[in-house]
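Whatever order the structure lists ligands and atoms in, that order sets their numbers, starting from 1.
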Amino acid sequence: MAPPDTRRTPLADKIARLIRTTGPITVADYFDLCLSDPEHGYYRTRDPFGQAGDFITAPEITQLFGEMIGLFLVDIWRRQGLRRPVRLVEIGPGRGTLMRDVLRVVVKLAPEMTSALTVHLVETSAPLTEAQRSTLAASGTSCEWHATIDEVPQGYTLLVANEFFDALPVHQFVKALGAFRERVVALDDEDALTFIPGPATADPALLPADADAQPDGTIFEIAPAREAVMRAIAGRMATNGGAAVIVDYGHLVTGYGDTLQAVKGHRFDDPLAHPGEADLTSHVDFEALACAARTAGAHVAALMAQGDFLVSLGLLERAGRFGAGKSEAEQEAIRVAVERIAGVGAGNMGELFKVMVVTGRSDTSPAARTD
Ligand code: SAH
């Protein structure tokens, strides 16, 4: 095994200088610097996906993932009354693979929807925008890029976001001496980055009802940046109609725990070890997102495990047809990929990942009538 990489990254030096000058920084500010520092931020400098990268996402594992999302969007467009024009929006599109697979299905199954479409990609990373351009060049659909969701023209909207919300900063509060204090990144005696409880205490209104009963050391996370994007999406749904499919790893119910995680070279890393060179994320609190969506006037039409969502859309049947006539090795590869995106247990995404569907209040869909 290679010896541990103990080098200090250029961003770690920059953060250490910042802390020396102005004091410890919140976990949310640290998170934001790690991913978005203009000079050294993780997403500003690299394409992180694939075998040679740091992690792999469902659309990069198999085209079946994007095809299922495409099927779902065609279906919901029909149920919502064949609205025109359609803004097809993706936030955080990575390499553009999911949008490519969605478009292939839409073009094949619904020419009448295809002719009503404009495609909008919301992305902040220059290297990934280039990757998306080249992936989507052959799609035959013209695409526009935007820095934020608010720049996407109004109108009936079908939106997808896969592993986007986990990349937006989270604040952590740690219980110390009886109060939940904002966790900050400071420098220890050896000048290394370290987490400590900061002076600010959490507004009790932000904490769960049983916060007083929690022992010292308990961590609670909140993500106003995620809720703000959710409100913007939900506001669009409420005003213009449409559906948003949000997919990410996380929990259905708000809870306690430290879910901050760094991943580098397909392994978990210490979140403070390689700022700017490791992906930094945390689990998504879907209860908080659902609450933000409802507050903005939208309807949470579905919230379930990714495996259940994909299987209910016919993933297994589609995988069978996709494998028919292929070699045994190819069929095995499809089986492994399906297990990875929809299976349960360690290493699989089916249970850990959740899917939330948000629609406008008046939009009709069978799911929308049940809540
Ligand atoms: N959806 C893709 C990529 C997930 S990685 C997939 O499933 O493969 C997260 C994506 O969100 C990247 O494309 C990253 O550049 C983008 N991103 C991160 N922060 C963003 C922000 N604030 N606004 C828009 N995109 C952002």
*Hey, which atoms in ligand 1 end up nearer than 4.0 Å to a heavy atom of S125?*
15 (O)
*In ligand 1, which numbered atoms sit nearer than 4.0 Å to a non-hydrogen atom of E90?*
1 (N)
*Using a strict cut-off of less than 4.0 Å between a Lys/Arg side-chain nitrogen and an Asp/Glu carboxylate oxygen, indicate whether D191 and R20 qualify as a salt bridge.*
yes
*Of the backbone atoms (N, CA, C, O) and the side-chain heavy atoms from C-beta on, which set of N162 has a member under 4.0 Å from an atom of ligand 1: side chain, backbone, both, or neither?*
both
*Polar proximity ligand 1 side, Y43 side, N/O cut 3.5 Å exclusive*: no
*Quick one: is the NZ or CZ of R183 closer than 6.0 Å to the six-membered ring centre of F195, and within 45° of its axis?*
yes
Anything under 3.5 Å between a donor and an acceptor, one on a side chain of residues 105-118, the other on a protein residue two or more places apart or in another chain? List them.
residue : atom : partner : partner atom : Å
E112    : OE2  : R78     : NH2          : 3.4
T114    : OG1  : V106    : O            : 3.4
T114    : OG1  : A110    : O            : 3.0
S115    : OG   : R84     : NH2          : 3.1
S115    : OG   : E112    : O            : 3.1
T118    : OG1  : R87     : NH1          : 3.1
T118    : OG1  : H120    : NE2          : 2.9

_Which residue and heavy atom of the protein sit nearest atom 9 (C) of ligand 1, plus the separation_ = E163 O, 3.4 Å
*Quick one: look at L168 and ligand 1, take heavy-atom pairs under 4.0 Å, and tell me if it's side chain, backbone, both or neither.*
side chain
_Could you tell me if the side chain of R236 sits less than 4.5 Å from the side chain of V152, heavy atoms only?_
yes
*If you count the atoms of ligand 1 from 1 in the order shown, which ones are under 4.0 Å from a heavy atom of G94?*
2 (C), 3 (C), 13 (O)
*Using a strict cut-off of 4.0 Å, indicate which atoms of ligand 1 neighbour a heavy atom of L128.*
12 (C), 13 (O), 15 (O)
_Show, in sequence, the C-alpha distance, side-chain angles and deciding distance for E221 and R226, and conclude whether the salt bridge (charged side-chain N to carboxylate O under 4.0 Å, His left out) test is met._
CA-CA 12 Å; E221 299 176 338; R226 296 176 187 175; over 6 Å; no
*Partners of F309 by ring-ring contact (aromatic ring centres under 6.0 Å, His included), sequence neighbours excluded?*
F72
*Ligand-residue contact atoms, ligand 1 with P59, heavy atoms, under 4.0 Å*: 6 (C), 7 (O), 8 (O)
*Are the side chain of E60 and the backbone of T57 linked by a donor-acceptor contact shorter than 3.5 Å?*
no
*Mind checking whether F180 and Y256 have parallel, tilted or perpendicular rings, split at 30° and 60°?*
parallel
_Could you tell me, atom by atom, which parts of ligand 1 come under 4.0 Å of a heavy atom of T57?_
6 (C), 7 (O), 8 (O)
*Test side chain to side chain contact (heavy atoms under 4.5 Å, CB included) on D29 and L18 and set out the steps.*
CA-CA 11 Å; D29 285 344; L18 180 69; over 6 Å; no
_atom 23 (N) of ligand 1 [closest protein heavy-atom partner, distance rounded to 0.1 Å]_ = T124 CG2, 3.5 Å
_atom 11 (O) of ligand 1 - nearest protein heavy atom and its distance_ = G92 CA, 3.2 Å
*asked:* To check your reading of the model: name the closest protein heavy atom to atom 16 (C) of ligand 1, its residue, and the distance in Å.
replied: E123 OE2, 3.5 Å
